[in-house]
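I have placed the structure first, in the form of structure tokens, so that the comments after it can refer back to it.
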Amino acid sequence: MPTFNAKVFVTLKPSILDPQGRTVERALSHLDHANVAGVRVGKYIELTLSGERAEVEAQLADIVENVLSNPVMENARWELEEAREVAGA
Amino acid sequence: MPTFNAKVFVTLKPSILDPQGRTVERALSHLDHANVAGVRVGKYIELTLSGERAEVEAQLADIVENVLSNPVMENARWELEEAREVAGA
Amino acid sequence: MTAVNPSLRDRAGTFGLTPEEYDLLVQGIGREPNALEAAIVGAMWSEHCGYKNSRPLFRAFPTTGPQVLQGPGENAGVVDIGEGWGVAFKMESHNHPSAVEPVQGAATGVGGILRDIFAMGARPFAVLDSLRFGNPDSPRTRFLVNGVVEGISHYGNAIGVPTVGGEVTFHPSYQENPLVNVMALGLLRHEDLAKGTMGAVGNQIVYVGSKTGRDGLGGAVFSSADLSAASQADRPAVQVGDPFMEKLLLEATLEAIQAGVVAGVQDMGAAGLVSSTCEMAYRAGLGITMDLDLVPTRESGMVPMELCLSESQERMILVPVPGREQELLDLLAKWELDVVTIGEVEAHDRYRLTWKGEVVCDLPVALLNEAPKYTREGVESADIRAKRERDLSGVPVPGDLGAVLVDLLSHPTIASKRPIFERYDHQVMTNTVVVPGAADAAVLRVKGSGMGVAATSDCNPRFVYLDPYKGAAAAVAEAARNLACVGATPLAITDNLNFGNPHEPGVYFQLQQAVQGIADACRALNTPVTGGNVSLYNQYTEGDHKVAIHPTPTIGMVGVLPDVTVRATLDLKAGPHTLYLLGR
Amino acid sequence: MKTAVIQFPGSNCDADALHAARLTLDPDAQFVWHTEAGLPEGTELVFLPGGFSYGDHLRSGAIAARSPIMAAVKEHAERGGFVLGVCNGFQVLTESGLLPGALSRNRDLHFHCAPVHLRVENHQTAFTGAYEANQVLEIPIAHGEGNYYADPETIARLEAEGRVVFRYMDNPNGSLNDIAGIINEDGNVLGMMPHPERAVELLLGSEDGLGMFESLKVGVVK
Ligand SMILES: Nc1ncnc2c1ncn2[C@@H]1O[C@H](COP(=O)(O)OP(=O)(O)O)[C@@H](O)[C@H]1O
């Protein structure tokens with residue numbers, strides 16, 4: 001059965017205040033990085049799934065939507081890529 | 001002066017325990033997603049920087065290494081892309 | 001046996017042994033050790049596990065009294081508070097890890113001390129943190145304070161044990177070397193008191209908790225030849241804690257102890273699997289054999305050195321009561337923990353480990369546990385003596401004393417610690433009767449009785465620096481006063497001795513004097529020492545040489561209130577009041 | 001009032017909730033483990049306690065909301081049974097859709113443990129009947145993610161329908177409209193960040209949480 005590597009990106013919706021991003025931005029400006037703006041901190045999740053591509057895609061969409069992110073305040077997108085046969089890790 | 005969008009990915013080093021990833025993985029397997037493995041939860045940070053490309057690249061490398069991640073336990077990589085003139089976001 | 005390596009003596013230092021200690025080892029076993037054995041001995045004879053510089057001094061401590069249910073030598077001390085209740089308590093440092101990675105360093109400090117408490121069969125019910133940082137204005141200090149507080153808050157809040165007190169002081173001597181001392185208290189019924197022993201011949205040895213990874217092996221102690229191929233970069237010097245896992249481990253361990261199926265229990269702390277099982281075997285006066293292939297691992301390709309010395313968090317060793325092994329395994333499995341029987345207690349005196357069918361370690365249990373002891377010559381630094389003896393009568397009294405007072409009150413060491421203690425859940429478990437800020441000691445009720453338990457941690461390092469004997473005695477006295485001021489009777493202390501390099505005569509002098517000061521004060525106040533922790537080699541660079549931190553013997557003291565409703569706090573109540581000054 | 005306190009593996013106010021429930025509502029209140037498929041026969045109140053249900057990895061309450069017992073809690077709520085979610089319990093309720101909105105990290109990113117003042121905005125619910133209109137209570141908070149968010153329409157609806165039950169007098173976390181606690185449309189599911197179970201004994205500083213339990217008790221007898 002093939003194995004897929006998934007990368008999931010979860011970000012706060014643009015209309016929602018991101019206190020973490022703001023804190024980083026403020027810290028950076030104290031450190032003479034005043035040219036940095038628009039810092040937003042989100043989540044980056046890696047996982048592997050085994051199964052047929054179509055099923056795995058449906059499953060991942062479900063996991064991302066229902067577990068890994070909260071649609072009330074977050075957006076999420078994902079990328080899926082088949083793992084090379086010789087898993088080199 | 002040009003503006004650049006940067007995306008930064010911070011992940012725990014492979015041999016560091018990732019309690020978040022472990023818990024999410026266990027929860028997924030309880031939710032009938034037993035084919036999911038290797039869950040690792042990291043950070044995904046977006047920011048914009050204005051300046052000349054070479055300077056911005058050096059600056060970003062410094063910020064990523066010294067502010068956005070702790071090299072003792074995390075790996076980080078980044079992508080930089082010039083923002084289109086008409087910032088449409 | 002694996003091949004003998006004659007050149008090991010030349011690199012004894014990489015195992016934490018001096019060439020002379022290496023010779024002692026060879027003499028003790030009548031042959032050359034292999035690299036694994038040398039590393040195991042090095043870990044067991046380290047200051048942290050073997051107390052080779054400090055133990056001889058400890059003879060001065062009073063350790064007994066009718067209130068002492070368990071004195072030094074176990075995972076934590078235990079005092080009797082009456083009505084069948086006991087309080088287990090201990091303090092431990094996580095200074096070096098916190099300097100490298102403040103959040104995880106401090107968090108795993110909390111995790112470690114909590115395991116010591118529930119390994120005694122006690123339910124942890126309070127944490128106190130005693131913190132020292134450098135110059136309050138430096139960005140590094142701000143980074144460390146924020147990270148350390150974050151780490152303690154993260155771990156303590158999540159596992160649900162209230163952080164009810166502590167102290168925070170700032171002084172430049174801690175600039176490179178912050179101190180993070182964490183004290184924990186637990187409550188137990190006398191009959192549930194558990195011990196770190198292997199029990200009797202035939203007992204099984206059960207590993208429970210998280211899997212073992214390569215955590216805590218990144219320090220400079222080993223040469224890379226002894227570790228597996230994982231690159232140095234991937235071998236983390238930091239350990240990451242998981243309070244969620246610890247909560248499961250806590251509940252599982254207490255349930256097992258209360259079910260009466262545990263003959264012995266100990267947490268895997270510094271030097272991991274080796275120190276816990278070595279100490280348990282020593283207390284039983286027996287030998288053990290364990291199969292390293294059975295240790296649950298988080299990564300592939302781990303070698304014996306890593307399996308033995310990894311400091312992965314949230315792991316324990318349990319020894320089932322004979323005949324009730326299955327009951328214990330079933331009970332632990334319910335909590336979804338990794339549970340494996342990895343060895344057995346045997347009728348000999350050896351510490352034996354096998355790997356891939358071969359014996360890879362075969363050492364006498366006693367030799368591992370009886371580190372060489374060093375008594376050194378302490379000499380007071382002339383410089384410090386001059387400071388102490390300086391004639392202060394010529395120092396002019398400032399004109400505007402009001403301004404001086406404001407200056408003093410605004411120093412971060414003296415100013416309110418509210419921004420820190422509000423980040424700790426100090427009320428979870430609904431026992432906290434006197435909260436941080438309301439007095440200089442915390443008071444917790446004991447549900448199911450009318451009693452209260454009070455706790456405080458204290459030390460004024462400037463005072464200890466100028467006069468280590470009086471300063472350390474004063475720390476004990478301050479702790480006792482803080483307890484008395486909430487209405488508690490002091491019962492016993494735990495200490496955390498944070499000093500510089502003991503090879504320096506000036507530092508050794510401080511250590512010696514401070515221990516004597518603590519001992520004498522404890523005798524006078526009838527508060528025996530039931531446990532403690534030593535952190536040496538805390539120093540900073542000044543010019544081209546190393547200077548010790550201010551000597552910091554932190555005292556943690558526990559007391560009892562027979563009736564928790566009769567207590568005092570420091571706020572002025574609705575007046576009018578008359579104020580009295582007591583003492584000389 | 002027959003009370004079930006739900007225990008997730010990382011719950012840590014579970015014992016506190018049970019202690020308070022036994023003191024005020026039901027001497028026989030029981031724990032129910034998260035893997036159970038059903039609630040004990042005759043359960044009238046489900047108490048979702050505070051804590052870090054699954055280490056609060058990912059998002060507070062996210063994983064707990066998908067555990068087996070939550071299906072039973074939802075059914076209980078649909079039948080009109082009472083559900084009280086405190087702190088992490090509130091987060092579980094929003095994550096499981098029993099209450100609208102979401103709770104995100106405190107505005108200053110820090111955990112806060114302190115007594116706060118709340119105003120009772122609606123004293124005509126089953127949970128607040130024992131309070132006076134606009135009564136001010138002192139009840140402790142202890143959370144790092146209590147910053148209530150919902151889209152503007154939802155907020156407007158909550159306000160218009162009197163479903164904002166408690167409001168902070170001095171907002172500690174950045175919650176929209178200073179919201180500290182809300183109730184569902186049917187008035188049987190309430191979520192709040194402050195901890196009423198920590199305020200039922202004077203010995204611990206405040207008894208102001210007692211009214212909630214008294215309200216529930218009286219409501220059932222009625
Ligand atoms: N790190 C800390 N963690 C928790 N509580 C603390 C901490 N530091 C100080 N406190 C609390 O703040 C209050 C005042 O402490 P402190 O400023 O050390 O007073 P004092 O020096 O008079 O003993 C005490 O209740 C103490 O327990």
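In what follows, every chain begins at residue 1, and chains take the letters A, B, ... in the order their sequences are listed. These values consider heavy atoms only, across backbone and side chains, with no hydrogens, waters or symmetry-generated copies.
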### Message
C:I257 vs C:F118, test: side chain to side chain contact (heavy atoms under 4.5 Å, CB included). Steps then yes/no.
### Response
CA-CA 10 Å; C:I257 291 171; C:F118 65 79; over 6 Å; no
### Message
The test is side-chain hydrogen bond (donor to acceptor under 3.5 Å, both in side chains); show your working for C:T430 and D:H19 and say whether it passes.
### Response
CA-CA 9 Å; C:T430 55; D:H19 177 78; 5.1 Å; no
### Query
So D:D170 and D:V116, side chain to side chain contact (heavy atoms under 4.5 Å, CB included) or not? Walk me through it.
CA-CA 8 Å; D:D170 190 2; D:V116 298; over 6 Å; no
### Task
Please report the C-alpha distance between C:V149 and C:Y424 in whole Å, then the side-chain angles of each, then the deciding distance to 0.1 Å, and finally whether the side chain to side chain contact (heavy atoms under 4.5 Å, CB included) criterion is met.
CA-CA 8 Å; C:V149 171; C:Y424 303 143; 3.8 Å; yes
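Contacts with chain D were tallied for C:Q427, C:R567, C:K247; C:Q427 has the most, counting heavy-atom pairs under 4.5 Å. Contacts with chain D were tallied for C:N146, C:D425, C:T565; C:D425 has the most, counting heavy-atom pairs under 4.5 Å. The choice from C:K447, C:E251, C:E150 that makes the most heavy-atom pairs within less than 4.5 Å of chain D is C:K447. Of the residues considered (C:N157, C:L248, C:V433), C:N157 shows the highest number of contacts with chain D, using heavy-atom pairs under 4.5 Å.
Between C:R445 and D:E201 there is a salt bridge, with a side-chain nitrogen of the basic residue lying less than 4.0 Å from a carboxylate oxygen of the acidic one. The pair C:E255-C:K334 meets the salt-bridge criterion, since a charged nitrogen lies less than 4.0 angstrom from a carboxylate oxygen.
Remark: the backbone N or O of D:A29 is paired with a side-chain donor or acceptor of D:R22 at under 3.5 angstrom.
Neither the backbone nor the side chain of D:T35 comes within contact range of chain C; no heavy atoms are under 4.5 Å apart.
Annotation: residues 93-106 of chain D contacts chain C through no residue [non-hydrogen atoms, separation under 4.5 Å].
Aromatic pair D:F82/D:F127: ring centres closer than 6.0 Å.
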